[in-house]
Amino acid sequence: MAIRPPENWRAGIAEEGRALAAGTLDPECACTAQLYPESLLQATEQALQTFEEDVSALTAPSDEQVIDFIKRVVLRLNAINEDDQHGGAGYCTEEREQLCEYIDQTLSDHGIDVTALAARRDINRAEITDTWRDW
């Protein structure tokens with residue numbers, strides 16, 4: 001089962017907190033909580049939960065249905081990334097890679113052949129979010 005990226009980000013926050021408490025990290029170097037404010041984590045978690053629910057409800061889905069769900073989650077993530085309530089925090093390269101991997105893995109976990117889906121659209125598997133993704 002795919003691990004939602006906010007779980008990884010929360011683990012990074014906790015690890016940094018432990019290092020601060022142990023005195024092995026200079027407080028001036030601690031930035032993980034600023035990179036991942038709770039508002040960003042919660043909004044991302046909700047978007048991914050909705051995506052999981054949508055995908056798990058599919059039975060014998062058409063390519064168009066799957067692509068529509070990919071488009072919807074990417075557009076939700078675009079809106080989250082652009083939302084000023086997160087204090088300027090958003091998705092950068094590492095987060096983008098984790099989110100794309102999560103989308104791919106969630107589809108695969110639900111029996112969707114992402115490689116074949118991408119091939120039918122004349123794209124590479126890694127490009128399934130590119131049409132809509134701003135982050």
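Hydrogens, waters and symmetry mates play no part in the numbers below; they use all other heavy atoms, side chains included.
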I need the minimum non-hydrogen distance between Val73 and Ile103, along with the two atoms involved.
CG1-CD1, 3.9 Å
Which pairs with one or both residues in residues 90-103 pass salt bridge (charged side-chain N to carboxylate O under 4.0 Å, His left out), sequence neighbours excluded?
none
In terms of heavy-atom contacts, Cys100 and Thr129 come closest through SG-OG1, 3.4 Å
Donor-acceptor check, side chain of Gln65 to backbone of Ser62, threshold 3.5 angstrom: yes or no?
yes
Contacts of Asp104 meeting salt bridge (Lys or Arg N to Asp or Glu O under 4.0 Å) (sequence neighbours excluded), chain-then-number -> Arg125
So ring pair (Phe, Tyr, Trp, His ring centres under 6.0 Å) across residues 53-80, not counting sequence neighbours, yields none
Taking atom NZ of Lys71 and atom CD1 of Ile128, what is their separation to the nearest 0.5 Å?
15.0 Å
When rounded to the nearest 0.5 angstrom, what distance separates CG in Leu99 from OG1 in Thr44?
6.5 Å
Here the gap from Ile112 atom CD1 to Leu58 atom CG, rounded to the nearest 0.5 Å, amounts to 5.5 Å
Might you confirm whether atom CD1 of Ile3 has over 12 heavy atoms from other residues, nucleotides or ligands at distances under 6.0 Å?
no
So the ring pair (Phe, Tyr, Trp, His ring centres under 6.0 Å) pairs with at least one residue in residues 90-135 (sequence neighbours excluded) are Tyr91-Trp135
Specify the closest pair of heavy atoms between Gly90 and Asn81, including all atoms of both residues, with the distance to one decimal.
CA-OD1, 3.2 Å
Take Ile67 and Leu117 through the side chain to side chain contact (heavy atoms under 4.5 Å, CB included) test and state the conclusion after the steps.
CA-CA 9 Å; Ile67 293 299; Leu117 172 70; 4.1 Å; yes
The salt bridge (Lys or Arg N to Asp or Glu O under 4.0 Å) partners of Arg72 (sequence neighbours excluded) come to Asp68
Under the side chain to side chain contact (heavy atoms under 4.5 Å, CB included) rule, collect the residues that match up with Asp26, sequence neighbours excluded.
Glu28, Cys29
Side-chain contact, heavy-atom cut-off 4.5 Å: Thr106 with Leu48?
no
Where do Glu16 and Ala30 come nearest, in terms of heavy atoms and distance?
OE2-CA, 3.4 Å
Set of residues satisfying ring pair (Phe, Tyr, Trp, His ring centres under 6.0 Å) with respect to Phe51, sequence neighbours excluded
none
Exactly one of Gln46, Glu53, Glu45 should register a side-chain hydrogen bond (donor to acceptor under 3.5 Å, both in side chains) with Gln49. Which one does?
Glu53
Please collect all side-chain hydrogen bond (donor to acceptor under 3.5 Å, both in side chains) contacts where either partner lies in residues 6-15, sequence neighbours excluded, each pair once.
Asn8-Gln98, Trp9-Gln98, Arg10-Glu38
pair Ile13-Leu41: side-chain heavy atoms closer than 4.5 Å:
yes
Indicate the atoms forming the closest heavy-atom contact of Ala43 with Ile80, along with that distance.
O-CD1, 3.2 Å
Run through the side-chain heavy atoms of Ile, Leu, Val, Met, Phe, Trp and Tyr, join any pair under 4.5 Å, and report what else lands in Leu20's cluster.
Leu25
Non-neighbouring partners of Arg133 that pass salt bridge (Lys or Arg N to Asp or Glu O under 4.0 Å), sequence neighbours left out:
Asp130
For Gln85, check side chain to side chain contact (heavy atoms under 4.5 Å, CB included) against everything at least two apart and list the hits.
Ser39, Asp83
Residues in salt bridge (Lys or Arg N to Asp or Glu O under 4.0 Å) with Arg120, at least two apart?
Asp63
Compare every heavy atom of Ala47 with every heavy atom of Leu77, then report the nearest pair and how far apart it is.
CD2-CB, 4.1 Å
